[in-house]
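Everything numeric here is computed off the predicted structure, so don't read it as measured data.
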Amino acid sequence: MASIIVVTGSQKGDYYPLGRRTNVIGRSESLPIQILDDRVSRKHMKIRFDAESGRYCVNDMGSRHGVTVNGNAIKAETALNDNDYITIGRTSIMFTMKDFPDRESALSHFKKYGERDRPTIINDGNQIANQRD
């Protein structure tokens, strides 16, 4: 089963197993996955499992600020891949195909995975430069 992990924003570290149901995500208190971000619509997006293809897909539900996957705005339902980053409002969420027994295991996965994407800061005299290994 797949999971999502909130990686930025006020809810950083929140973890949600997705199961094979459709998950509506937004600001509304009636939703099982609530994102507290003033740029997130009440019902912002949905992630659903497509049994025919065996993949998870994300869809913008007509939100004001849109949905991006890996920095690209989506206009239609989009298939998700392991370790994709979804951004809604000011909140980034990592999608993973892995299922975890608990929150700590999910966060451990994110910490290991996310670390390699961070730039290395090199102090070059008076100048600080970002460099990718």
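When every heavy atom of R42 is checked against every heavy atom of L31, the shortest pair comes out as O-CD1, 3.2 Å. The two residues K46 and T22 have their closest heavy-atom pair at CD-CG2, 4.0 Å. In this structure, G66 and H44 approach most closely via the heavy-atom pair O-NE2, 2.8 Å. T78 approaches I74 most closely through the heavy-atom pair OG1-CG2, 3.4 Å. The two residues D60 and G62 make their nearest non-hydrogen contact at OD1-N, 3.1 Å. The two residues F95 and N81 have their closest heavy-atom pair at CD2-O, 3.3 Å.
Residues meeting the ring-ring contact (aromatic ring centres under 6.0 Å, His included) test with Y16, sequence neighbours left out: none.
A side-chain donor-acceptor contact under 3.5 Å links Q11 to the backbone of L36. Between the side chain of T96 and the main chain of S3, no donor-acceptor pair closer than 3.5 Å is present. Of the possible donor and acceptor atoms, none in the side chain of S41 sits under 3.5 Å from a partner among the backbone N and O of K43. Judged by distance alone, with hydrogens and angles left aside, the side-chain atoms of D37 form a donor-acceptor pair with the main-chain N or O of R90 at under 3.5 Å. No donor-acceptor pair under 3.5 Å is formed between the side chain of N70 and the backbone N or O of T68.
Within the structure, the salt bridge (charged side-chain N to carboxylate O under 4.0 Å, His left out) test picks out the following pairs touching residues 61-79 (sequence neighbours left out): R48-E77.
The CD1 atom of I4 sits 6.5 Å away from the CD1 atom of I35 when rounded to the nearest 0.5 Å. Note that CD1 of I93 is 4.0 Å distant from CE of M45, once rounded to the nearest 0.5 Å. Taking CG of D38 as the reference point, atom OG of S10 lies at 9.5 Å (rounded to 0.5 Å).
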Can you list the steps and then say if L18 with F49 is a side chain to side chain contact (heavy atoms under 4.5 Å, CB included)? CA-CA 9 Å; L18 295 176; F49 179 73; over 6 Å; no
